[in-house]
Amino acid sequence: DTGVSQDPRHKITKRGQNVTFRCDPISEHNRLYWYRQTLGQGPEFLTYFQNEAQLEKSRLLSDRFSAERPKGSFSTLEIQRTEQGDSAMYLCASSLRDRVKGYTFGSGTRLTVV
Amino acid sequence: AQSVTQLGSHVSVSEGALVLLRCNYSSSVPPYLFWYVQYPNQGLQLLLKYTTGATLVKGINGFEAEFKKSETSFHLTKPSAHMSDAAEYFCAVTGGNNRLAFGKGNQVVVIP
């Protein structure tokens with residue numbers, strides 16, 4: 001069990017550019033989640049996958065955001081035409097279908113849009 | 001939908017004193033409840049969780065929490081604060097759906 005890995009740890013981008021983040025979940029976990037955390041706030045749910053299927057998306061996930069999980073393994077989160085309001089920590093978590101064992105979070109990707 | 005209320009964004013506690021962080025939840029179904037700790041520029045680390053069974057749950061680093069259904073609460077305590085406890089703490093709830101709903105967090109400052 002190597003935990004949940006996220007890459008990159010930090011990303012600085014200019015407004016209007018596209019960015020992509022990667023999350024590698026715990027290998028036996030079939031559920032994968034993306035959250036966004038802004039300064040001074042708790043994480044907010046964005047979307048989740050069960051295997052390769054994206055089963056739920058938050059209203060926070062605008063048309064500029066897209067997430068994929070090909071083959072039910074790693075996941076990517078892409079933000080197109082970034083805006084300053086997208087600056088946040090993007091957290092990935094994974095879990096088994098049986099949530100009793102809880103959710104394991106990665107260290108996050110800190111995005112700064114300048 | 002589920003929600004969590006954590007009052008008092010900043011909590012100061014003297015080293016060796018009791019740590020008490022309050023969490024009240026709202027859920028239309030029996031909840032699963034969690035406390036996470038976050039250190040600067042890090043992800044979330046699970047402290048403890050309640051799913052079913054015993055209502056007093058013990059976690060890592062000497063923390064424990066008690067699920068009180070009648071009060072819709074899940075307060076976190078630690079008998080004696082240590083300098084290493086300085087961090088941000090989040091309470092979270094999940095119910096019938098698959099998302100965690102987090103509170104706004106408590107920033108704990110430990111005074112030597």
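Lettering of chains follows the sequences in order, A, B, ..., and the numbering in each one begins at 1.
Leu56(B) and Ile60(B) fall into different hydrophobic clusters, where Ile, Leu, Val, Met, Phe, Trp and Tyr residues are linked whenever their side-chain heavy atoms come under 4.5 Å apart, directly or through other members. Taking hydrophobic clusters as Ile, Leu, Val, Met, Phe, Trp and Tyr residues chained together by side-chain heavy-atom distances below 4.5 Å, Leu46(A) does not share a cluster with Leu44(B). If you chain together hydrophobic residues whose side chains sit under 4.5 Å apart, Phe105(A) and Phe21(A) never meet in one group. The same ILVMFWY cluster, assembled from side-chain heavy atoms under 4.5 Å apart, contains both Tyr39(B) and Leu21(B). Both Trp35(B) and Val11(B) are members of a single hydrophobic cluster when ILVMFWY side chains are connected at heavy-atom separations under 4.5 Å.
Using a 4.5 Å cut-off between non-hydrogen atoms, no part of residues 64-75 of chain A approaches chain B. Residues of residues 11-19 of chain A lying within less than 4.5 angstrom of chain B, judged on heavy atoms, are absent. Residues from residues 77-94 of chain A that place a non-hydrogen atom less than 4.5 Å from a non-hydrogen atom of chain B comprise Met89(A), Leu91(A), given in numerical order.
Comparing Arg9(A), Glu44(A), Gln50(A), His10(A) by how many heavy-atom pairs each has under 4.5 Å with chain B, the most go to Arg9(A). Between chain B and the options Ser58(A), Gly106(A), Ser107(A), Gly40(A), heavy-atom pairs under 4.5 Å are most frequent for Ser107(A).
Within a 6.0 Å sphere centred on CG of Leu39(A), other residues, nucleotides and ligands contribute 12 heavy atoms or fewer.
Only the side chain of Tyr36(B) comes within contact range of chain A, judged by heavy atoms closer than 4.5 Å. When heavy atoms are compared at a cutoff of 4.5 Å, Gln38(B) approaches chain A solely by way of its side chain, counted from C-beta outward. For a residue to count as touching a neighbouring chain, one of its non-hydrogen atoms must lie under 4.5 Å from one of that chain's; by this rule Gln41(A) touches chain B with backbone and side chain alike. Looking at Gln37(A), the atoms closer than 4.5 Å to chain B (heavy atoms on both sides) all sit in the side chain, from C-beta outward.
Remark: Lys58(B) pairs with Glu64(B) by the salt bridge (charged side-chain N to carboxylate O under 4.0 Å, His left out) rule, at least two apart or across chains.
We find the OH-CZ distance between Tyr103(A) and Arg99(B) to be 11.0 Å, quoted to the nearest 0.5 Å.
Between Leu100(B) and Tyr35(A) the shortest heavy-atom distance is N-OH, 2.8 Å.
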